[in-house]
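Inspection log for the structure reproduced underneath, given as structure tokens.
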2 protein chains.
Amino acid sequence: MTAAGTEHVSRDERRRRTEAAILEAARALFAETGFERATIRAVAASAGVDPALVMQYFGSKDNLFAAATRWSREHVSVLDAPRSQVPAAAIADLFETFEGPGGREGAAALMRNCLTHPEANRTLRDDVMCSVASGVAETIGGEDAELRAGLMAACIMGLGLSRYLLQIPAVATASRADVERLLEPALCALLDAPERPAG
Amino acid sequence: MTAAGTEHVSRDERRRRTEAAILEAARALFAETGFERATIRAVAASAGVDPALVMQYFGSKDNLFAAATRWSREHVSVLDAPRSQVPAAAIADLFETFEGPGGREGAAALMRNCLTHPEANRTLRDDVMCSVASGVAETIGGEDAELRAGLMAACIMGLGLSRYLLQIPAVATASRADVERLLEPALCALLDAPERPAG
DNA sequence: GGGTTCACTCTACAGGCGTTGACCCGTCCA
DNA sequence: TGGACGGGTCAACGCCTGTAGAGTGAACCC
């Protein structure tokens with residue numbers, strides 16, 4: 001018996017359900033314990049399924065990880081935000097990613113492993129950080145735009161890490177409103193390059 | 001034959017040298033590939049030593065990791081900085097830690113594993129972030145001091161991650177002066193709480 | 001309603017891991 | 001100078017991992 005109940009379900013529907021159950025279990029485990037400690041056996045057990053079935057569905061553990069951490073830049077509002085709204089939109093994007101509907105597990109799984117899993121590292125750097133930062137750089141423009149956008153992305157990532165993964169108490173327990181109120185002015189300072197000191 | 005040359009060295013000196021060689025190799029590997037992928041065999045090979053010797057010296061892989069990532073808050077200048085110098089000192093501390101003398105490997109090893117190794121997670125959160133942030137909070141004072149200090153620490157950590165571990169190009173290749181010039185104003189915005197919007 | 005498909009399971013393998021205990025041999029002390 | 005100490009090595013164990021292949025029974029199609 002698998003996830004389904006006693007009702008009748010078609011074979012296709014069963015397949016879709018168990019695949020989703022495996023993916024969900026994988027996301028949760030990858031996000032909680034990291035890639036190496038999240039064994040295929042544990043994922044399968046959590047999904048109520050035989051380990052071999054996971055292999056059959058996804059081919060390898062790396063494929064499973066790739067499927068569990070797939071990222072799309074669809075809902076990245078900062079890319080469409082006007083210049084003055086970039087800081088607020090960047091913060092909002094982080095909150096939506098981790099606290100919005102759709103679940104944080106996918107993003108958390110990617111972030112949790114971005115320092116130790118080569119593919120997660122590459123994905124977060126190239127497909128997320130660089131991709132978004134270069135879009136933001138175009139929006140904000142001016143001298144050092146790339147670096148200022150990169151620093152903004154770095155601060156946002158630092159916030160995400162501190163709040164959702166490391167769970168620094170002061171940062172993790174603060175309300176969204178407080179974080180927005182305090183951090184937005186800081187990011188706004190990155191919109192414009194400060195005047196060079198007496199040159 | 002181990003790391004020593006042909007000169008005569010006392011037994012104690014030999015012991016100290018090989019222990020240091022093992023620690024250095026461990027730090028480098030933990031920092032590069034992470035705890036799980038850095039095998040004891042690889043550490044031993046890199047130190048030019050038998051794997052069993054590593055066990056004999058450190059007892060277990062976890063002990064070796066703890067020894068390789070030991071952290072002290074001795075050279076954290078931000079804790080002694082006057083209020084207005086806190087942002088500059090915080091940035092300087094990061095640069096000194098990763099680019100100063102003494103080598104970045106220890107800090108990198110701790111940071112690389114802070115998301116996937118439980119003990120590294122705890123150490124970075126409690127002994128580094130919380131400890132420093134609460135000191136900074138006392139210095140800057142005012143409303144939401146804990147949260148503002150935590151956000152500052154988060155931004156600094158985001159910078160460290162982006163520059164030294166993820167190696168986001170724009171952030172990793174920038175000069176120290178440019179990073180300081182652009183980021184300091186942003187952190188200064190966290191020194192004081194912005195006025196509450198009309199209330 | 002019988003053959004076929006396919007989701008699913010069972011069992012097993014090969015390799016790599018941390019860890020161990022017995023063993024060697026140069027250095028130290030009496 | 002001889003025995004003992006201890007740094008260092010060797011070979012091996014037991015465990016856990018990702019993965020493979022044969023097998024099973026219910027759902028599907030004609």
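Hydrogens, waters and symmetry mates play no part in the numbers below; they use all other heavy atoms, side chains included. In the text below, chain A, chain B and the rest are named by the order of the sequence lines, each starting its count at 1.
- Partners of A:Phe65 by ring pair (Phe, Tyr, Trp, His ring centres under 6.0 Å), not counting sequence neighbours, listed by chain and number: A:Phe30, A:Phe35, A:His117.
- Not a single donor-acceptor pair, N or O on each side, falls under 3.5 Å between the base of C:dC6 and the side chain of A:Arg15.
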Could you go through nucleotides 16-19 of chain C and list every protein N or O atom that sits under 3.5 Å from one of its N or O atoms, giving the distance for each pair?
residue, atom, partner, partner atom, Å
C:dG18, OP1, B:Lys61, NZ, 2.8
C:dG18, OP2, B:Ile40, N, 3.1
C:dG18, N7, B:Arg41, NH1, 2.9
C:dG18, O6, B:Arg41, NH2, 3.1
C:dT19, OP2, B:Lys61, N, 2.8

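- Heavy atoms from other residues, nucleotides or ligands lying under 6.0 Å from CD of A:Glu99 number more than 12.
- Atom CG in A:Leu53 sits about 9 Å away from atom P in C:dA7, given to the nearest Å.
- The nearest whole Å value for the distance from the CG atom in A:Asp50 to the P atom in D:dG23 is 17 Å.
- Across the protein-nucleic acid pair, B:Glu13 atom CD and D:dG6 atom C1' stand 16 Å apart, rounded to whole Å.
- With contacts defined as side-chain heavy-atom distances shorter than 4.5 Å, the pair A:Met111/A:Tyr164 does not qualify.
- For B:Arg14 and C:dT27, the CZ to P distance is 7 Å, given to the nearest whole Å.
- Put simply, CG on A:Asp12 is 8 Å from P on C:dA7, counting in whole angstrom units.
- As rounded to whole Å, 7 Å separates atom P of D:dG7 from atom CZ of B:Arg11.
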Discussion item. Show, in sequence, the C-alpha distance, side-chain angles and deciding distance for B:Val132 and B:Val78, and conclude whether the side-chain contact (heavy atoms from CB on, under 4.5 Å) test is met.
Written reply: CA-CA 8 Å; B:Val132 171; B:Val78 75; 3.9 Å; yes
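- In the model, A:Arg73 has a side-chain atom that pairs as donor or acceptor with a side-chain atom of A:Ser131 under 3.5 Å.
- Atoms OH (A:Tyr57) and P (C:dC6) sit 12 Å apart, rounded to a whole Å.
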Discussion item. Between A:Leu183 and B:Cys155, is the side-chain contact (heavy atoms from CB on, under 4.5 Å) condition met? List the steps.
Written reply: CA-CA 10 Å; A:Leu183 191 59; B:Cys155 290; 4.2 Å; yes
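- Under a hydrophobic-cluster definition in which Ile, Leu, Val, Met, Phe, Trp and Tyr are linked whenever side-chain heavy atoms come within less than 4.5 Å, directly or via other members, B:Leu29 and B:Leu115 are assigned to different clusters.
- Place A:Ser10 and A:Gln56 on DNA chain D by their nearest nucleotides, and A:Gln56 ends up nearer the 5' end.
- Rounded to whole Å, the distance from CZ on A:Arg16 to P on C:dC8 is 13 Å.
- Across all strands, A:Phe58 comes closer than 4.0 Å to no nucleic acid atom at all (heavy-atom distances).
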